[in-house]
Amino acid sequence: MKLKVLVCIKQVPDTNNVKIDKETGTLIRKGIKSILNPEDKNALEEALRLKDEIGDVFITVLSMGPNQASVVVKEAIAMGADRGILLSDRNFAGSDTWATSAILSSAINKIKEEDGLDLIFCGRQAIDGDTAQVGPQIAQHLKLPVISYVEELKYSENKVLVKRAIEDGHYIVECPTPVLLTAVKQLNTPRYPNMKRIFETFGENPERPIETWTAEDISLAKENMGLNGSPTRVKKIFTPSRKFEGEFLQGNLKEVARQLIVRLKERQII
Amino acid sequence: MDLSLTEQEKMVQSVVREFAEKEVGPIAAEIDKTERFPTETLKKMQKLGLYGLPYPKEYGGAGGSDLSYYLAIEELSKKCATTSVILAAPASLCAWPIMKYGNEDQKEKYFRAIVEGKRVGGFALTEPGAGTDSAMQQTTATLEGDHYVINGSKCFITGAGQFEFFVVMAMTDKTQRTRGISAFIVEANTPGFSVGKIEDKLGIRASATGELIFEDMKVPKECLLGKEGEGFKIAMQTLDGGRIGIAAQALGIAEGAMEESVKYIQERVQFGKPIGSFQGIQWYIAEMETKINAARGLMYDVIYKKQKGIPFSKEASMAKLFSSEMAMWVTDKAIQLHGGYGFTKDYPVERMHRDAKITEIYEGTSEVQKMVIASHTIVPKNK
Ligand SMILES: Cc1cc2nc3c(=O)[nH]c(=O)nc-3n(C[C@H](O)[C@H](O)[C@H](O)COP(=O)(O)OP(=O)(O)OC[C@H]3O[C@@H](n4cnc5c(N)ncnc54)[C@H](O)[C@@H]3O)c2cc1C
């Protein structure tokens with residue numbers, strides 16, 4: 001039976017080369033190249049790897065963004081995905097992570113109802129926002145289990161065996177499908193889009209044209225989208241100032257040790 | 001002339017750029033030093049589909065534009081000129097004449113193999129006595145029954161000992177000079193085929209260049225490419241397209257040296273300031289950038305003509321002549337801007353300068369390009 005996989009991808013500014021506006025605290029996007037979010041590429045690569053391994057795998061990529069974001073959907077198809085969907089609508093503009101995950105979930109639900117889905121992949125986080133929220137939130141909306149920080153994956157007969165990274169080690173998790181997984185860069189090395197597929201996917205008469213869905217195509221109330229559907233309020237963005245300043249204690253070993261004791265006592269540490 | 005890139009060409013450019021930065025650049029100094037043929041890079045380029053980039057889909061190609069192929073050569077050359085030769089020799093010098101003159105069997109067997117990234121082949125025209133004067137072929141091919149027997153030797157052949165088959169030029173009729181030359185497709189494992197001396201070179205050191213020796217080498221009649229006597233024409237037409245590739249290669253080398261220079265002059269501090277703040281340094285940069293752009297203009301001009309089906313021999317020679325001399329000049333200045341550090345192997349600009357030199361020599365020296373340009377320009381008046 002065919003394995004059905006969905007990968008969520010996002011177009012982001014290439015923050016490796018981006019600067020931050022010191023006054024507003026936001027990214028200066030001008031003149032910066034837009035790219036497919038790196039860990040979304042790992043997520044897609046894992047789906048493609050499964051396809052290479054199992055063969056009978058159908059991969060859909062889904063992205064929400066302005067029209068220009070169609071480039072990353074096409075890039076994903078050029079890398080080997082079978083179907084590409086771009087969610088693009090004015091009503092989506094200004095969505096925070098909650099509204100974004102609500103919109104994506106309702107599109108995923110539609111795909112799931114039409115055709116079924118076994119695995120949903122997201123990247124761990126997008127390099128422009130670094131929240132790592134959208135993946136787990138989608139799982140929440142869809143009432144699916146989520147395994148985040150996936151650094152190794154094995155699929156066999158309706159279940160996955162996952163090595164999940166934590167700060168000082170890893171978990172081995174087994175979980176039945178359907179399940180949502182978020183990929184970290186240790187998971188794999190993404191392939192390059194093949195030249196032939198670039199010519200088949202980009203340009204005027206693509207062999208696998210991407211679909212564009214609007215707010216009308218999904219069943220989500222307008223008040224749950226865009227600014228209206230976004231509970232997040234940004235109070236202030238700032239560069240954290242360094243709170244602790246080191247102090248060099250000088251003198252011979254005895255003096256330094258004595259000074260250290262004085263300082264520690266001053267701070268009531270000892 | 002519309003120079004804007006299509007969506008597909010932009011994508012090819014950006015993918016090959018990333019590929020060159022991640023896969024090619026990091027080993028460029030090592031393969032130059034050790035003269036190691038980068039088999040792993042060859043395989044990666046085959047998988048990427050670079051060998052079939054400008055060729056028809058029916059033979060497994062990408063069906064891309066000529067421009068997209070030359071952009072790929074340019075991007076690879078920014079990081080490593082050797083790697084671009086390993087692409088260009090099979091993709092352009094070997095695949096093109098087979099596509100253009102091969103029969104269906106030859107196209108299926110050899111052209112498709114290159115295009116699909118399964119095999120690599122080379123092009124063998126030059127001989128010890130037939131360099132610039134390539135019509136002076138001493139290699140002979142004699143028809144005996146259903147076989148040709150080939151005797152002679154070739155020198156300076158890219159891919160000697162590395163590529164699996166070659167398009168080989170040989171004399172089938174000594175009385176005819178250029179019209180007596182024919183082209184053959186020869187497998188490197190044919191009895192009587194051997195590889196002689198491999199050259200120790202100034203640049204593009206990871207691509208082996210060497211001698212091919214043919215001693216009573218019997219090849220089936222079916223190996224004849226095109227008709228008997230068409231070999232010289234086939235070779236010259238192949239080189240026309242190949243020359244644009246060398247122009248692209250030279251352009252890429254210069255751009256690579258430029259990138260290194262712009263970075264370096266902003267980091268290197270003398271007299272309390274980055275040297276890039278001195279006008280004397282900025283003037284070099286301005287001149288380098290202008291020459292690079294002029295070369296790009298000539299390259300785009302010839303590609304435009306080629307894609308439109310307009311004769312482009314003269315323009316190909318102009319692009320190659322200018323671009324290769326420009327690359328020598330720009331890489332020389334890049335070393336100058338790096339001072340003593342540029343003269344060492346700690347920085348890539350000395351390698352780029354050594355690599356640039358070959359672009360003035362192969363696929364017709366600068367002098368030959370001038371002959372071609374002049375012959376198209378000085379048109380005799382009708383009596
Ligand atoms: C690294 C490398 C890779 C190569 N790869 C290949 C390959 O894959 N296949 C292949 O067939 N060949 C290949 N060649 C050969 C290359 O194309 C020749 O070296 C080139 O054509 C010059 O020939 P030559 O070396 O015999 O020089 P010569 O012809 O001896 O030239 C010496 C000098 O005299 C000049 N000269 C000659 N005749 C004239 C004239 N009439 N007027 C003015 N000046 C003149 C030349 O321009 C040159 O400056 C390669 C060479 C090198 C170095």
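Here the NZ-OG distance, from A:Lys33 to B:Ser14, works out to 4.5 Å after rounding to the nearest 0.5 Å. For the atom pair CE of B:Met11 and CD of A:Glu75, the computed distance is 3.5 Å after rounding to the nearest 0.5 Å.
In this structure, chain A has a heavy atom under 4.5 Å from the backbone of B:Lys47, while its side chain stays farther away.
Residue-environment remark: NZ (B:Lys100) stays at or below the threshold of 12 foreign heavy atoms within 6.0 Å. Around the NZ atom of B:Lys118, the shell of radius 6.0 Å holds no more than 12 heavy atoms that belong to other residues, nucleotides or ligands. Surrounding NZ of B:Lys109 are at most 12 heavy atoms belonging to other residues, nucleotides or ligands under 6.0 Å away. Around the CZ atom of A:Arg90, the shell of radius 6.0 Å holds no more than 12 heavy atoms that belong to other residues, nucleotides or ligands.
Chain A forms more heavy-atom pairs under 4.5 Å with one residue of B:Glu23, B:Lys44, B:Lys22, B:Glu9 than with any other, namely B:Glu23.
For B:Val12 against A:Ile198, the heavy-atom pair with the smallest separation is CG2-CG2, 4.2 Å. When every heavy atom of B:Gln8 is checked against every heavy atom of A:Phe199, the shortest pair comes out as NE2-O, 3.2 Å.
Taking 4.5 Å as the limit, every side-chain heavy atom of B:Thr6 sits out of range of all side-chain heavy atoms of A:Glu204.
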Candidate pair A:Lys41 and B:Glu18, rule salt bridge (Lys or Arg N to Asp or Glu O under 4.0 Å), full reasoning: CA-CA 14 Å; A:Lys41 254 192 190 173; B:Glu18 191 187 337; 3.8 Å; yes
